[in-house]
Amino acid sequence: MTARRLSSGGRIDRSQTVTFRWDGKRLQGFAGDTLASALLANNQRIIGRSFKYHRPRGVMSAGVEESGAIVTTGRGARSEPNVKATQQELFEGLVASGQNAWPSVRHDVGAVSGLFSRFFAAGFYYKTFMGLPPFETGRGTGIWMQYEKLIRKAAGMGSASRLPDPDVYDHAHGFCDVLVVGAGPAGLAAALELAQQGRDVVLVEQDFELGGDYLAQSDPQAITRRDTQVAALRAAGVRIMTRTTAFGLYDNGVAGLLERVTDHLASPDASLPRQRFWTMRAGRTVLATGALERFISFGNNDLPGVMTPNAARSYLNRFGVLPGQRIVVATNNDSAYAVAGELAAAGAQVILADARSDAALVAPKGVELRQGLAPFNASGGRGVSGIEFASQQGGAWRVAGREACDLLLVSGGWSPVINLASHLGARPIWDSALACFLPGKTRSDIHMAGSAAGVWQTEACEASGTAVARQVIGADTALPAAGGWQTPIAPLYEVRVPGRRTKAFVDPQHDVTGDDVRLAHQEGFVSVEHLKRYTTLGMATDQGKMGNIIGLAMMAEALGREIPQVGTTRFRPPYTPVAIGALAGRHTGPHAKPLRRTPLHDWNLRQGAVMTDAGLWHRPWYFPHAGEGMAEAYVREATAVRETVGICDVSSLGKIAIQGPDATEFLNRIYTNPFAKLPIGRARYGIMLRDDGIVMDDGTTWRLGESDYLMTTTTTNAGKVMVFLEELLHTRWQDLRVHVTSVSDHWAGVSIAGPKSREVIAPCLEDGEAVTNDNLPFLGVRPVRLKGGIEGLIARISFSGELAYEIYVPSGYGEAMMALLWPQAQAQNGVLYGLEALGALRIEKGHVTGAELDGRMTIDDAGLGKMASPKKTFIGDALRRRPELTDPNRPQLVGVFPKIRSDTFNAGALLTAPGEDSGFGDGWLTAVTHSPALGHWIGIGYIAGGVAAWEGRRVLASDPTRRGPVEVEIVPPIMFDPKGDRMHG
Amino acid sequence: MTKFSAWNVFWNGLTGQKGWGRQWRDPAPKSHYDVVIIGGGIHGLATAYYLAKNHGITNVAVLEKGWIGGGNAGRNTTIVRSNYARPGNREFYEHSLKLWENLSHELNYNVMFSQRSHISLLHSPGAIDAAARNYNTLRRTGTPDAEIWSLERLKQVVPHLNYAADARFPIMGAAVQKRAGTARHDAVVWGYARAADQFGVDIIQNCEVIGLTRDNGRVTRIETSRGPITAGKVALSVAGSTSRLWSMAGLGGLPIETHKLQAFVSEPIKPLLDQVVVFGIGGAHFYISQSDKGGMVFGGDLDWYKSYAQQGNLPIVQDVSEAAMSVLPCLGRVKLLRHWAGVVDMSMDGSHFLCKTPLDNLYLNAGWNYGGFKASPAAGWYLADLVANDRPHETIACFDLKRFERGLQIDERGAGPDPKLHG
Amino acid sequence: MIILNCPFCGPRDHSEFDYGGDGSITYPSLDAPVEDWHAAVFLRDNICGVQTETWQHTQGCRMWLLVERDTMSHEVHSIRPAHPGHAAVLEGKV
């Protein structure tokens, strides 16, 4: 192949030279080039290597269907594997290199595998590599996994960087009346008509220029036509998005679009994202996605220098590159004739071999036309140097001469791009006259226009676009018929000559040959999906855009059926590969999920809090003093709560306002314990079950008025409980006059716990008497005014087992509240405490949390059975009585001490009788802590039968994944102050 | 039938691949079989294979409405593991893993089971403890390869995960099952088909069941698109379509809801990840591995609404990609090549059913949630045992339809009776 | 994307909503026998085709809605508030 840049012509900007690197070499192209056109202009022949045999690959197309020129671009963290050179715009400083080859794509040691290709037939790997050769002796997977290492190294295409992608990707959302996909003759016409009829239109084009096929035409009128249309579109207010691929269609008119924002820029504006992923919601969608030229299977049809005529036309007319000097064009249809003439006019020597014989066929000017000839076997090592022809004789192909060439253009017909319609399940219909699949019946809001609907000629495509636009608007307009060639296509998929073996590719990237397809047939892989999976046909990065139909036709022939009887595989999104980074957008790294902060978040941080995740919340874990780690800090904090006072941010607890005349009845139904007679100004701890009788959540509910309650939930279950309450009121108990409102974010809340808590709070209140034992007894609730007039609520509630209060003020006053409370606490030698100390305090008291109430435990398991009222019914009451849930040998909540008090143990350890070295064990530890109050480690957990069955017996905490067993004692779960004297104090 | 071996690959390479015949026959359905299995996925084919091999029952047909392996067998992310900790699941999945370990040899078909380790990332001390409870159970019940790894160890083995301190959910450790890994899903389908076929099982494709006739508490006739068939025993093995056949038999409700689960594969790249990596944080769930061909294979949550459609929607595409980038931030420039969806039979407790039914000769295999692929050898093994002996093996006795009446919920996640939460 | 036309908020992406479940279930009274509860909580017809189902507009008005939707094609046939009182307000009857 001797490709060269012509001195004039094309849409490239010859005033702007662009320097780029290809495999380390500095090369030059022009603005407006693609990497592929620039490489061709520099007469670069071998651009890639194939997947299996590492055969050399050149540029085969000029678009997204590219199967050969697959490269890696960029460096370091910005290196991107598997880039189609035909899609990559050239820019100053672009770095591209060959991949899947060593040392380079031009000299690839891996090509040696081609010597063994006769052994590497389709699916051969399913038949060996199991055991030791030659007879696969052995057991297990060990031998296979040795082979696998080698196979994995050989497979893959380009290499991905292991460094984090440094670029930013955006998500965007769009709405329009009509989305038009494709800006060729049909798409432009459709968009214009729609816009002129007042529709809000978005037009997307994957190329960097609008125009589609206009751009590849040699006739200057085509460009004039294109320019006129584009100007009219802009005037009509069509929203135009170039470099944007509609990669998938989804339910309800939603399209996924990928906009490449800076991939073509040498030094992009740092404020721009690399790419943008659009979710576009369109009332109607017009698919003017064009058609792709396919090739023919024949010997060495994968050599560099074999491409489609339409690609050559594009390189010639759009990029000013003449891709060969001695050119053979092999075709079975009319479309290649114009190209052949244009190449001859540009100075090439052109032979046009048409598989058809028809008196109506006329040689273009300057072209030698040979009828009845098809390509049979290309020759050449590192690029095509000649082609042997074949002609039909007596129903079989026979060799019919040879011609030298440096470029072989092959057209086997055209395939409309129906992929997007297929995403939604439209079944394509085979048109045997046009030898292609046409879009079948699409969903009512999807319309096909132009060559995507099998319309071949430019004027007809324009008419098709306009007609489809009128249909979209609701007019009863006839659409142009599919077709448009003067001489019918002669379907031709494969050329084989009896007695001659060739390597004829169907899927050039994956090295799938015609013989592979026939082997698949021989072995019974005859359905299209089996064929695809067994041979890997169409599974490469080009997704079979050029070769799939050839494979299908071969299978049809092998089966003696027609193509439609063999079927077609359903296309799956994306139409062209999409960067995972773009789909993820900005929701990565620190922004992977929303972060919920309490109103006291910043205040806590200022006090030195170390934070930890609690669901989506960040909550203080501990507040270390200088030199302290977590272990020291939480022990100090918990000790202070027992001895003086501590303050803990509890704002993340769920808070739900429950209001209405039937609020009492509602609560009485959802909690297991009675709520019918809770007095105003009192709080009650309650447990709610799921419908299936398993504990869902617990918390306190405060009665603020006759029909006004404030429910608190755990942080984790706040959302779930709210949804459940709404569901009950909206769908099940529609007679109840109750309204629920989530007020979790409305309040900043703190727990003030410890014997000095009253002394901390009283001075902060306008009326310090509000918190005396008489005015606010245990489980009392009342409105309160903090100094400075901050209105809030106070409840005397204890999770730590100490005298304790919770104060809630409106979120915006959270810090003001702390400004009052914290100096008072400091004056009492108090502390701020975090979740770790909270955990220690609650474990000492045997209070349950999510670790114990893990969605599998009953209220009895958790030792709270007495809270299930026998005098009323409630959610979960029926199903909690099922036999497995009432088995007396179920696990029950217990406390756990190390037998030797200086020992430690882990949560997650199993509890077993000594000597039980295997099996599920009898229980497990859910939470452990060093107990400052008891001076040794303690835990809570579950064990079958509970304290009654195990007290005084030897038990081991078995933790084989982390440490050796520890002997423990089972004790009642309330390990500190079992009578609760302290909190009533 | 030519045995699969290096020798025969070599010999057929020399002789033009002429020695390979059909891997399974394409028989016309007979009018009667001793056992008819509805559903030509891996479960159905494995059931046929074990019926023949373990129980000598070979007058068996597998009916497939499309092409074998075209449902979830060909749509899953191919992860095989046995790290289930509840009694019942534990023994079942461990048995399955043991079958996997020798499956290539057993079937004489390379199913490419790659025991490359399954790494569950842990993001909080509580998560480590919860995982340790399960993995301690694994250790003590026949799975010595279950380990809890420190952060340091994890960093050595998989250095390019996101260990950044400002990660939204910093990684703190991992629970690892070393014998777990991935397999080549299509090969498993074809391997079981070929092996069952060699015993004389009829694999009948393009044969859709359109009606089940019952009489006197038995299925008496199966109406298919290729004519009626009678059978001594009938087994259902149709995943997301279970309820449709169940209603054909006039059997009322089932504790199953059909949902759609998407899966994703990237373009092939050189080896980037040598293990299966999984995590669940902030309400999201994600798993990723690399196929032998080089594609990154990954997936996440259900689409969250009931669906029989084998096509997904964009919100989950986005969620899953976010998860991918959160754990492997180097994937930004790796491109998604395809995504698709399968319809999965989500159950009320996240565990499956392998049991007899209200009809005497009808047997049920359903409710696989996310777990069907890894379960397939054992599902086939135990279902064959159930059909042959007409009583459940003790390992599967708990997987009956009555368990919810008894109050037994085999709920690995503690999510409760909402099928969509058991992903 | 399924687009649900919320009667209160207008057309919105399904990702704003949470799927509830089978909307044809009538939950028994709290004191009903365990068998009735078993059927309501655990058994589903699991229709392939048009079914009535519940959704909640969680990220919007938080209303629970009854939706008739085809579980194969995802086509939505109707959508209305689950609570008849809310429906009556919408229809101007209250």
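On a predicted model such as this, the values are computed, not experimentally measured, just so you know. Here is how names work: the chains are called A, B, and so on, in the same order as the sequence lines, proteins then strands, and each is numbered from 1.
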Trainee: Please report the C-alpha distance between B:D129 and A:R962 in whole Å, then the side-chain angles of each, then the deciding distance to 0.1 Å, and finally whether the salt bridge (Lys or Arg N to Asp or Glu O under 4.0 Å) criterion is met.
Mentor: CA-CA 10 Å; B:D129 292 339; A:R962 293 177 293 186; 3.1 Å; yes

Trainee: Counting only heavy atoms closer than 4.5 Å, note whether A:A927 contacts chain B via side chain, backbone, both or neither.
Mentor: neither

Trainee: Does a side-chain heavy-atom distance below 4.5 Å link B:R140 with A:E916?
Mentor: yes

Trainee: Which bit of B:R184 comes within less than 4.5 Å of chain A, counting heavy atoms only: side chain, backbone, both or neither?
Mentor: side chain

Trainee: Could you walk me through whether B:L314 and A:V254 pass side-chain contact (heavy atoms from CB on, under 4.5 Å), step by step?
Mentor: CA-CA 9 Å; B:L314 280 173; A:V254 170; 3.9 Å; yes

Trainee: Quick check on A:V83 against chain B: is it the side chain, the backbone, both or neither that has a heavy atom closer than 4.5 Å?
Mentor: both

Trainee: Between atom CG of B:L103 and atom OG1 of A:T141, what is the distance when rounded to the nearest 0.5 Å?
Mentor: 11.5 Å

Trainee: May I ask you to name which of B:E101, B:Q115, B:E106 has the most heavy-atom pairs under 4.5 Å with chain A?
Mentor: B:Q115

Trainee: With no hydrogens and no angle check, is any side-chain donor or acceptor of A:R882 less than 3.5 Å from a backbone partner on B:F404?
Mentor: yes

Trainee: Run A:T961 and B:E147 through side-chain contact (heavy atoms from CB on, under 4.5 Å) and show every step you take.
Mentor: CA-CA 5 Å; A:T961 57; B:E147 299 182 354; 5.9 Å; no

Trainee: Where does A:M145 contact chain B at under 4.5 Å (heavy atoms): side chain, backbone, both or neither?
Mentor: side chain

Trainee: Examine whether an atom of B:S104 lies under 4.5 Å from a heavy atom of chain A, and if so say whether it belongs to the side chain, the backbone or both; otherwise answer neither.
Mentor: both

Trainee: What part of B:A309 gets closer than 4.5 Å to chain A, counting heavy atoms only: side chain, backbone, both or neither?
Mentor: neither

Trainee: What I'd like to find out is whether the side chain of B:F4 reaches to under 4.5 Å of the side chain of A:E136, using heavy atoms alone.
Mentor: no

Trainee: Tell me, side chain or backbone of A:R162 under 4.5 Å from chain B's heavy atoms, or both, or neither?
Mentor: both

Trainee: With a 4.5 angstrom heavy-atom cut-off, could you sort out which part of B:K3 is near chain A: side chain, backbone, both or neither?
Mentor: side chain

Trainee: Taking side chain as everything from C-beta outward and backbone as N, CA, C, O, which of these in B:I68 sits under 4.5 Å from a heavy atom of chain A? Side chain, backbone, both or neither.
Mentor: both

Trainee: Could you tell me whether the side chains of A:Y126 and B:Q23 share a donor-acceptor contact shorter than 3.5 Å?
Mentor: no

Trainee: Go through the atoms of A:H171 and report whether side chain, backbone, both or neither lie under 4.5 Å from a heavy atom of chain B.
Mentor: side chain

Trainee: Does B:A6 offer a backbone N or O that forms a donor-acceptor pair with the side chain of A:K127 under 3.5 Å?
Mentor: no

Trainee: Would you mind reporting whether A:P590 and B:D166 have side-chain heavy atoms less than 4.5 Å apart?
Mentor: yes

Trainee: Looking at B:R168 and A:L616, would you say the former's side chain and the latter's main chain have a donor-acceptor pair under 3.5 Å?
Mentor: yes

Trainee: Checking B:D186 against chain A: side chain, backbone, both or neither under 4.5 Å from a heavy atom?
Mentor: side chain

Trainee: Taking every non-hydrogen pair under 4.5 Å, which of B:W340, B:Y135, B:F264, B:W100 racks up the most with chain A?
Mentor: B:W340

Trainee: Does any non-hydrogen side-chain atom of A:F51 lie less than 4.5 Å from one of B:P268?
Mentor: yes

Trainee: Which word best sums up how the rings of A:Y250 and B:H339 line up, parallel for under 30°, tilted for 30 to 60°, or perpendicular for over 60°?
Mentor: parallel

Trainee: Test side-chain contact (heavy atoms from CB on, under 4.5 Å) on A:E523 and B:Q17; report intermediate values, then the result.
Mentor: CA-CA 10 Å; A:E523 296 191 82; B:Q17 311 291 349; over 6 Å; no

Trainee: So which part of B:R338 gets closer than 4.5 Å to some heavy atom of chain A, the side chain, the backbone, both or neither?
Mentor: both

Trainee: Considering only heavy atoms, which portion of B:M112 lies under 4.5 Å from any heavy atom of chain A: side chain, backbone, both, or neither?
Mentor: both

Trainee: Side chain, backbone, both or neither: which part of B:Q409 has a non-hydrogen atom closer than 4.5 Å to chain A?
Mentor: side chain

Trainee: Just verifying a value: how many Å separate B:Q205 CD and A:S527 OG, rounded to the nearest 0.5 Å?
Mentor: 6.5 Å

Trainee: What part of A:A851 is in contact with chain B, defined as an atom under 4.5 angstrom from a non-hydrogen atom: side chain, backbone, both or neither?
Mentor: neither

Trainee: Output yes when A:E80 and B:K335 qualify as a salt bridge under the 4.0 Å nitrogen-oxygen rule, no when they do not.
Mentor: yes

Trainee: So what's closer than 4.5 Å to chain A heavy atoms on B:L14: side chain, backbone, both or neither?
Mentor: both

Trainee: Of the backbone (N, CA, C, O) and the side chain (C-beta and beyond), which part of A:R78 lies under 4.5 Å from a heavy atom of chain B, both, or neither?
Mentor: both

Trainee: If I measure from the heavy atoms of chain A, does B:L273 come under 4.5 Å with its side chain, its backbone, both, or neither?
Mentor: backbone

Trainee: Would you indicate whether the side-chain heavy atoms of A:E148 and B:D292 approach each other to under 4.5 Å?
Mentor: yes

Trainee: Is it the side chain or the backbone of B:E91 that comes within 4.5 Å of chain A heavy atoms, both, or neither?
Mentor: side chain

Trainee: Which bit of B:N108 comes within less than 4.5 Å of chain A, counting heavy atoms only: side chain, backbone, both or neither?
Mentor: both

Trainee: What part of A:M539 gets closer than 4.5 Å to chain B, counting heavy atoms only: side chain, backbone, both or neither?
Mentor: both

Trainee: So does A:R856 pair up with B:D349, basic N to acidic O under 4.0 Å?
Mentor: no

Trainee: Is A:D165 salt-bridged to B:R333, cutoff N-O under 4.0 Å?
Mentor: yes

Trainee: Can you tell me which portion of A:D959 sits under 4.5 Å from chain B's heavy atoms? Options are side chain, backbone, both or neither.
Mentor: both

Trainee: For A:R570, is it the side chain, the backbone, both or neither that has a heavy atom under 4.5 Å from a heavy atom of chain B?
Mentor: side chain

Trainee: With a 4.5 angstrom heavy-atom cut-off, which part of B:E405 approaches chain A: side chain, backbone, both or neither?
Mentor: backbone

Trainee: For the pair B:M325 and A:L583, evaluate side-chain contact (heavy atoms from CB on, under 4.5 Å) and give the outcome as yes or no after the intermediate values.
Mentor: CA-CA 10 Å; B:M325 286 292 285; A:L583 296 169; over 6 Å; no

Trainee: Tell me whether B:R406 at atom CZ has more than 12 heavy atoms from other residues, nucleotides or ligands lying less than 6.0 Å away.
Mentor: yes

Trainee: Please confirm whether B:W11 and A:F119 have ring centers closer than 6.0 angstrom.
Mentor: no

Trainee: Less than 4.5 Å to any heavy atom of chain B: does that hold for the side chain of A:A255, its backbone, both, or neither?
Mentor: backbone

